[in-house]
There are 6 protein chains.
Amino acid sequence: MEGPGNLEQETKTCKADATSRSRYRETLPQIIDSIVDSCQKETRLSHISPERIPSRQAVKEILSRTHQLLFPGYFSRENIDPVNLNYEIGSMVTVLFELLARQITHSFRHQCFRYSLPCVGCEEKGYQEAVTLLLSIPGLQKILSTDVMAAYEGDPAAGSSDEIIFSYPGILAISIYRIAHQLYKQEIPLLPRMMTEYAHSITGIDIHPGATSGESFFIDHGTGVVIGETTEIGKGVRIYQGVTLGALSLPKDAGEQWRGKKRHPTIEDDVILYSGATILGGDTTIGARSTIGGNVWITESVPPDTRVIMEEPRLHFK
Amino acid sequence: MEGPGNLEQETKTCKADATSRSRYRETLPQIIDSIVDSCQKETRLSHISPERIPSRQAVKEILSRTHQLLFPGYFSRENIDPVNLNYEIGSMVTVLFELLARQITHSFRHQCFRYSLPCVGCEEKGYQEAVTLLLSIPGLQKILSTDVMAAYEGDPAAGSSDEIIFSYPGILAISIYRIAHQLYKQEIPLLPRMMTEYAHSITGIDIHPGATSGESFFIDHGTGVVIGETTEIGKGVRIYQGVTLGALSLPKDAGEQWRGKKRHPTIEDDVILYSGATILGGDTTIGARSTIGGNVWITESVPPDTRVIMEEPRLHFK
Amino acid sequence: MEGPGNLEQETKTCKADATSRSRYRETLPQIIDSIVDSCQKETRLSHISPERIPSRQAVKEILSRTHQLLFPGYFSRENIDPVNLNYEIGSMVTVLFELLARQITHSFRHQCFRYSLPCVGCEEKGYQEAVTLLLSIPGLQKILSTDVMAAYEGDPAAGSSDEIIFSYPGILAISIYRIAHQLYKQEIPLLPRMMTEYAHSITGIDIHPGATSGESFFIDHGTGVVIGETTEIGKGVRIYQGVTLGALSLPKDAGEQWRGKKRHPTIEDDVILYSGATILGGDTTIGARSTIGGNVWITESVPPDTRVIMEEPRLHFK
Amino acid sequence: MEGPGNLEQETKTCKADATSRSRYRETLPQIIDSIVDSCQKETRLSHISPERIPSRQAVKEILSRTHQLLFPGYFSRENIDPVNLNYEIGSMVTVLFELLARQITHSFRHQCFRYSLPCVGCEEKGYQEAVTLLLSIPGLQKILSTDVMAAYEGDPAAGSSDEIIFSYPGILAISIYRIAHQLYKQEIPLLPRMMTEYAHSITGIDIHPGATSGESFFIDHGTGVVIGETTEIGKGVRIYQGVTLGALSLPKDAGEQWRGKKRHPTIEDDVILYSGATILGGDTTIGARSTIGGNVWITESVPPDTRVIMEEPRLHFK
Amino acid sequence: MEGPGNLEQETKTCKADATSRSRYRETLPQIIDSIVDSCQKETRLSHISPERIPSRQAVKEILSRTHQLLFPGYFSRENIDPVNLNYEIGSMVTVLFELLARQITHSFRHQCFRYSLPCVGCEEKGYQEAVTLLLSIPGLQKILSTDVMAAYEGDPAAGSSDEIIFSYPGILAISIYRIAHQLYKQEIPLLPRMMTEYAHSITGIDIHPGATSGESFFIDHGTGVVIGETTEIGKGVRIYQGVTLGALSLPKDAGEQWRGKKRHPTIEDDVILYSGATILGGDTTIGARSTIGGNVWITESVPPDTRVIMEEPRLHFK
Amino acid sequence: MEGPGNLEQETKTCKADATSRSRYRETLPQIIDSIVDSCQKETRLSHISPERIPSRQAVKEILSRTHQLLFPGYFSRENIDPVNLNYEIGSMVTVLFELLARQITHSFRHQCFRYSLPCVGCEEKGYQEAVTLLLSIPGLQKILSTDVMAAYEGDPAAGSSDEIIFSYPGILAISIYRIAHQLYKQEIPLLPRMMTEYAHSITGIDIHPGATSGESFFIDHGTGVVIGETTEIGKGVRIYQGVTLGALSLPKDAGEQWRGKKRHPTIEDDVILYSGATILGGDTTIGARSTIGGNVWITESVPPDTRVIMEEPRLHFK
C-alpha cells in the first residue's frame, strides 16, 4: 500500500520558528474586519438582530423529549415503571411545555421582524400552540401504534415491537414527521421543517411536514425516500427505500410560480411502492391496493387494484 | 427574496399578558393525565417495567469503544504509541467487558419478560457472551485489514489507508456490521440490529446483521445500499451506492410467512455491483467474477464471469 | 404481535452466581495480550505512533465554528446583533485559527512520517494555510449567498432564506464542500476528505472535495447524490436526490491506474439533473441549459439546450 | 514588583529537541511497574477489589438531590410551582431511591469484604434503608424550618428566609448534618461521614454525624466550628465561628482506647457559644440559657443561666 | 488496623431476592405524597412559584466570568494576547450583560412577589443595573491592582504577582467582595450575599458585602476571617487568618432590634490585625497605623499608632 | 418572618419596554473600550501574552489524577481489581506524564518571559521534571501509608482506613502537600503553590509547599491550620484545627526583607499541637514528645517532653 509505513521510526518532527505563530496571528485583525464587512453585506446569510431566532439545538432537544413521551421507557435515562410513570410523564410534559413555548414564540416573532409586521401576541401564541401540541400526544400515540404494527406485519426480519421501536429508521422518521405535521397544521413557521430535516439527516427519509398520511404507514430501510409537501397518503401504505413522491419537472423559476399548489401525488389505501419507484405530479393518483414495482417511473394515475411493473429491459450478458 | 429584511429595525417585540403563562400551565395536569392513560393503553409503544431494557446510548458507546479497539490510534482521545499501547488496550477491554456484559444481560432478560419465560442464567450469559465477542477482536481485525486493502485497490480517489479509515463510510459500515454479525451469531437479541441501524443512520448503508460476507469487502459511497438478512456475499465483492440485495416482492402479511427463510440473494467471489443495481430473491445467485451494471434489475441467477448491463433505453433529445 | 407481553408480571429476575463475573474477568488479560499482538500485526488498521494524527472530533469542531462564521446568527449559542458582531466574529476567528493550524500541522506531519519524508516546515505551514483559509471566508460567503438564492428560486416549498439555511441539507453539504474544496486547493492532506465525509454522513450527499462548482449551485433533498473527484460543475446547476456524477466502470485494480486522471463528467451552466440521473465518464459533458430527466443513464456528451428523458419503459398493468 | 514585565516582547520560545519527548516517555513502563508494585504493597492506600466501594461523586449527587427535595424551588434547574410540584418531587424521589439503595448496598457489602464477614442481605438492606431515609424527609423539613427561623431571629444581617437558604453556610451544614445523622442512626457505614465531610469542605463547619442536636439550631459564619461525635446539643442553641465542642486531650493511642465512649460535651437548650469558644470533655455540660463568651476555654460544667466571659487579659499598648 | 483486609478473597456477594426492589419501590408513591404535603406546609423552606428566583449556579457563572474580566489572561480558556484582547473582552462583556440583567431582574421581581408589592420596572432595572456594574469594572481593576501590590509587599513568601493572582485566597475573596459590594451599593437584593458566601465557601473568608474597604487591602491565609456588615476598613489594612470584625454579643432576638444599625468596628488606614484577633462593636475604632497582636480581644477603641499585644498568659510547663 | 409570603398570588409580573434592552445594550461598546483600556493599563492584573500560562483547571486535573494513583480504587470511576490494576495505572501514568510536562513547561517558560530571560530548555525540563515526579510516587505512597495509620491511631472516631481516605480532610491536605512539596524541591515555579492553595480551598488547611514534614503526620479537622514556608516538622506530629505555625510579626515591607529566610518554627518528633495553638518564629523549636495545649501562644522554644498549657484565664460567671 503506502510503502513501509514504519510509524515508529526516528523522523525528526519539525518545529516552527519561535515567532512564526505571532507573525501569522498578527494578520488576524485585518482578516476579521474583512469578515465583519462581508457579514454585513451578505444579508442573506446573516441573522444579525437582537431578537432570538429558533435554535436547531433546541429543536433537537424538543424532539428527543417528545420521543421519550411517545415511546415511554425506550429512550429515557431512567427506567419507567408503574411507580414513576406518572411523575416522569408529568415532569417531561411541564419541561416540554416551556421549551416548546419558547421556540414557537421565537418562530412567530422572527416572522414579524422578517416581514416588518406588527408583533402582536407571539408570546401568547407560544403558550397556546405548545398546549395544542401536547394535547395531540395521545392521538399521535394511537396512530403510531398502528405504524409499529404495520412494520411488524410487513417485515419478516422484524423480531418484535421492541426491535422496531429501537432500530427501524422508518418508525423514527414517521414519528418525527407526525409531530412536525401537527405543528404544520398549527401554522407554526420554521419549526416543522427543521424537525423533518433532522429526521432526514439521521434516517435518509425526507418527508415534508405538509404531506398527509393515514394510519398503518410503513417505510422499510427508507434511505433516499422523498415525500413532497402536497402528497396525500392513505391508510396502510408501505414504502421501500429510494421511493420519490415528487413534483413534475420544474422550470428554473419554479419557486415563485408553484408555491402553495398541489404538486405531489395522491397514494390511496394499502398501496405498496417498491424500492426506487418514482411517482410524480399533483394529478397523479395511485389507486387503492395497487402495487408499484421497483424503479417504476409514473407520471399518470393508476387505477385501484393494479400491479405495475417495468417491462424488464433487456440485459446484455457478455 | 423576502423583501427588505431589515432585521435591525424598531419593530416592537410583543409581550404576553403577565398571567398568560400561568393560565396555560394550569391546563397541563389534565393533559398529563390523558398522556399517562394513553401510555398505559398503547402497550405497543410503552416499555413500562421495573426491568432495564438495552439502551441505544449504551450501544453507541460500545460501538465507539470497539471502534477504538479495532483501529487503535485513529479515534482515541489519547495518542497510542508503543509505550501506552498495552495499557490503553487493557483499559479499553476491561471497561468494554462490563458495558457489553450489562447490555447483553439486559437483552436476554428483556426477552424472558417479553415472552414470560423463566429467567435463568441471563447475567451469566452476559459475561460469557461479552468474553466471546472480545475473543473475536483479532479475527475481526484480520478481516477488516483485507477490507481496507480492498478499498485502497478499488478506489483511485483513495490517497492512503489513513484516509480510508478516517473517511470512508463503507469501512465504517462494514466494521460495525462485522461486530454486529458476531453478536448475531452468538444469538444476542436486539443489540445486533441496534448496531447496524446506528451504522445505517450515519452512513446510509443498511446491512442486516444476519447477512454473511467474506473478506476484502468494499462498499463505495454507499448511500442507499440495502443488504438483507439472508444475503450471502463472497470474497472480494465490490458494491456501489444504491445497490439493493433484497427479497422479492412480499405480500401484505409477509412478516409471519417468510420469517426465517432464505429470501435474499447470494453474491459469489469478486463480483462488482454498480450503483443502483437491484438483485432480488433467495434463489438468485450472481456467479463469481461477474459484473452487474448500474441500475440493472435482476431476479434470476447469473452465471460466473458474466457482465450484465442494461440495454440502454432510448433517450429523447428535445 | 408478540403475545400477551405483560411486562409487569412477577417473572423473577435471574442473578448470576456470585463469583461468575470474576471468573470471566480473569480471562481478560489473555484476551488483551492477543489483541495487543493483533494491533501490532495489523499495521494497516493501527496508528501506533507518538506523533498526533488529525482528529475527527477536531474536524467536526472546525466545521461547526466555520459554519457559525459563514452564517452568523443562525447557529451560534449567543445572539449576534450589531453590538457584539465584531467581538463574536473576532473571538471565533482567533480560536478557529489555532484549531485549524493545529490540525493542518498534524496532517502535514503525519504525511512526513507515513512516507519517511524529512519533516520541514509543517508547523509553519499550519499557521500559513490556516490564514489562507480564513482569508477565503468572505469569498465563500459571496458564493454561498448565490447558492441560497438558487434554492429559494428553485424550490416552491422554500418559505424563506431562514428556512433554507436552517433546514436544507443541500446548503449544508455545499457549504462544507466549499470549505473542503478550499483546503483541497491548498493541498492539505486528509482534512478535506474528512470534512466532506462528515457532510455525507449527515446529509447523504457525497461531494468529493476535488470537484469544482460555480455559483448558484442547488441540490434538493440530496440523499444519495455522489459527485466524483474530477467533476466540473458550472454556474446555476440544479441537482436532485440520487444523482451520480461518476466514473465509468473500473477494473479491479482501478486504484493505481486511474489515480489523478479526469474520470468524472463536466456539467455546464444552468443544467438541471433530475433525481436518479447517472452521468458517467471523464469525457462526458452535459451542455449548458440542458435538462436530464429522472433515472436517465448517460455515458456520452449531450449538446447544449437539450432535454434528455428516458423513453418510458412499457409498464405492465396486471 | 517583578520588573518591567513586558510580556509582549520578542523572547524566543524554546523548543525541545524532537526526540526528547520520546526519550522520556520510554522510561514510563518501568515507572509504571514500580507504581503497580507499590500499590500492591501499600494495601492501606489501595482498594483493589472487584467489588464496588461507595463513591464520593455519588454521595455528592445524593446530597445535591436531597437538598433539592428539602428546599424545593431553591436549587432545582426547573421552576417548582403548584403545577409541577408533585411530578418533580415524585421524579426526584424515585431517582434518589435508586441512588441511595446502591450506595448503601456498596457500604454494607464493603464492610463484609473488609472484615471477611458472610455477605447476607446487603442489597435488601440497601433498599430498606433508602426507604427509611426517604420516610424521614418530612421530619427533616419540619426541624430545618425551625433552624431557618432561628437564623432569621438571631442575625440582624439576614434580610429574608430566601437569603438564609441561599447563602447561609450554617443552614447548609446543618441540613447535610441532619441527613447524615439520620443515616448514622440507621447504622449505615461510611456514607454519613462522607456527607458531613463534604459539608465541612464547602462550609468549614465540621459536625460529626454522630452528634445530636435539637430544633432551632443556628450556626453563624461557622468557619472552624468542630462538633465531635458524642456531643449532645439541645434546642435553640446558637454557635459562632471557630467554636470547638471537643474531647479532652488524648494520648497518642487514643483511637483504640476511647472508641465509642462519650468524649464530647453536652450543650443544653438556648445556650449561646460565641466565636472561638472551646468546650471540652464528655462530662462537661453547659446549662440551659447560658452564654459562653468569645475565646473562652471550658473543660468543666457550667450551671444553667450563667454568663461566662474571659477576664480580659491585660493588653499592652505600645 | 482493620485486620488482614484481604479484599480479593472469595467472600460471596449477596444478592437480594428478585422481587425485593419492587416491593420497596412500591412504597414510594405514599412517601412522595407525604413529602409533597410537607413541602406545601413548610412554606419557609419552599419556593413554590411560577416566577423564577435567582440561581446559585448562575451567580457562580457570573463570578467566574467577571473574574476572567478583572484578571484577563489568568483564568480564561483561551490565551489573551494583543490580537484577541478586544474581541475576548467584548464577547465576555456582552454575554455578562445578559447574565447579569437576568439575575438582577429575578432578584427584584422575587422581592415584589415576596412582599406583595406591585412589580414595576424590574426588567428595566435589570438592564440598567447590569450596565452600572459593567461601568464599574475599570475602577475595580484599579483598586484590585493596589490589593495585589499590597500582598506582594506584605508577604515574603510571595514569588510574583502571578503567584498572588493564581493562588492567594485573600485576593480571590477581596475581588469577589468588591464586586458584591458594588451590587450592594446598587441595592440589588440577594445577589451580593450569594456572591460573598460563594467566596466564603472556597476561601474560608467571610466578608459581608455591606462592609467598606479602602485600597491596598491584604488578607493572608484568611481561613476564619469574618468581617461584618457595617465594618469600615481604611487603606493599606492587613489582616491574618481567624480575625473577626464583629458585633458585640447579641440577645436572642437580635435580628429585629439591630437590623440596619452600625454594629461592627472601624479600622483606620495601615492597621495590621494578626491572626485570631477579635475586634467587636460599632463604636470601636482601631486608630491608623496601629497593630493588634494575635488572639487579642478588643471591644473598645484603640488610638492611632498603638501596638496592642496580649500580656502573655502564663504557661504551665509540665 | 417576612409576612404572609403567598408566592402563588396574582401579582402581575412587569415587562420592560420593548426597546429597553437594545438601549442599554448599545452602551456596551463604549464600556468595552474602557475595560480594554483598563486591562492594558493595569498590567499587574493582566496576562496579555501569546505565551500560555499554567492553568488552574489543569492543576486541578493533575491533582485529581495523581490522587487516583496514590489511592488506587478509592477515587476512580472504574473499579480497580487485580485484573485491570496494571492497565489502569499504566493509562493514568502516561496521561499524567503529558499533562504534567505541559504545565511544568508553561511554568518555566512563563518565568523566562516574566523576567526577560533567554528561554532555553523549558520544554525539555517539562518532560524531565514530570518523570522525576512520577518516579517519586512509590515513595509518596509509602509515607502516606504512615499518615493514614497515624490518623487511625490518633482518632477514636475513625472507623477504618477507608473512612480516613474517603473523608479526612487532613489526609487530603497532606497528600496534596506532599505532591506539591516534591515539585517545590524540583524548583518548579507557580505549580506547587497553586496545588496547596487548591487543598486549602477544600480543606481549610494551608500548608506552604516549602514546609518539610516527616512520616506519620496527622491533622484532625484542620480548618484554619496554617503552616508557613520554612516550617520543619518531624515524625509522628499531630495537629488540630486552627493551629498556626507562622512567622513573628512582620513590618509593612516584610516581603522584600524576609524573602527566603527561615521565619517559621521547628516541630520535633511526636509533638501534639492542640486546637488554636500558635507557634511563631524561625528560631522557635518545640522539642520532641512535647504537647502544646489549646490556644497556647508560643514565640520561644520549648524543651523536649514538655507539656505546655495556658494557665486558665479566670472566667466571670454572671
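Within every chain, numbering begins at 1; the chains are lettered A, B, ... in the order of the sequence lines, protein sequences first and strands thereafter.
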Name the region of [X], side chain, backbone, both or neither, that has any atom closer than 4.5 Å to a heavy atom of chain A.
| X | answer |
| --- | --- |
| B:R23 | side chain |
| B:Q40 | side chain |
| B:V59 | neither |
| B:T27 | side chain |
| B:I35 | both |

Which bit of [X] is near chain B, if near means a heavy-atom gap under 4.5 Å: side chain, backbone, both or neither?
| X | value |
| --- | --- |
| A:K142 | both |
| A:E88 | neither |
| A:F75 | side chain |
| A:L70 | backbone |
| A:F97 | side chain |
| A:E163 | both |

Subject >> Note: B:D305-B:R289 ion pair, threshold 4.0 Å (strictly below) >> reply: yes

Original post:
Looking at A:R238 and A:D270, does any basic side-chain N land under 4.0 Å from a carboxylate oxygen?
Top reply: no

Chain A contacts, top residue of [options] (heavy-atom pairs, under 4.5 Å):
| options | value |
| --- | --- |
| B:V296, B:L190, B:V226 | B:V226 |
| B:N295, B:V225, B:I32 | B:I32 |
| B:E229, B:Q30, B:K41, B:R56 | B:R56 |

Subject >> Min side-chain heavy-atom separation A:L133-A:L100 under 4.5 Å >> reply: yes

Relative to chain B, which of [options] shows the most heavy atom pairs under 4.5 Å?
| options | answer |
| --- | --- |
| A:P169, A:S275, A:G126, A:G222 | A:P169 |
| A:V83, A:L134, A:N84 | A:L134 |
| A:M92, A:Q141, A:K125 | A:Q141 |
| A:S167, A:G73, A:S201 | A:S167 |
| A:A130, A:G204, A:G294, A:G90 | A:G294 |

Original post:
So B:H200 and B:E197, side-chain hydrogen bond (donor to acceptor under 3.5 Å, both in side chains) or not? Walk me through it.
Top reply: CA-CA 5 Å; B:H200 184 197; B:E197 181 47 33; 3.0 Å; yes

Original post:
Does the pair A:Y240 and A:L273 meet the rule for a side-chain contact (heavy atoms from CB on, under 4.5 Å), with working shown?
Top reply: CA-CA 6 Å; A:Y240 289 85; A:L273 305 173; over 6 Å; no

Between [atom1] on residue [X] and [atom2] on residue [Y], distance to nearest 0.5 Å:
| X | Y | atom1 | atom2 | result |
| --- | --- | --- | --- | --- |
| B:R307 | B:I292 | CZ | CD1 | 10.5 Å |
| B:H221 | B:Q241 | NE2 | CD | 5.0 Å |
| A:F71 | A:I171 | CZ | CD1 | 6.0 Å |

Subject >> Side-chain donor/acceptor of B:T306 to backbone N/O of B:V302, under 3.5 Å >> reply: no

**OP:** Look at the side chain of B:S290 and the backbone N and O of B:P303, then say whether any donor-acceptor pair between them is shorter than 3.5 Å.
**Re:** yes

**OP:** Could you tell me whether the side chains of A:T105 and A:E123 share a donor-acceptor contact shorter than 3.5 Å?
**Re:** no

**OP:** May I ask you to check whether B:H47 and B:H110 place their ring centers less than 6.0 Å from one another?
**Re:** yes

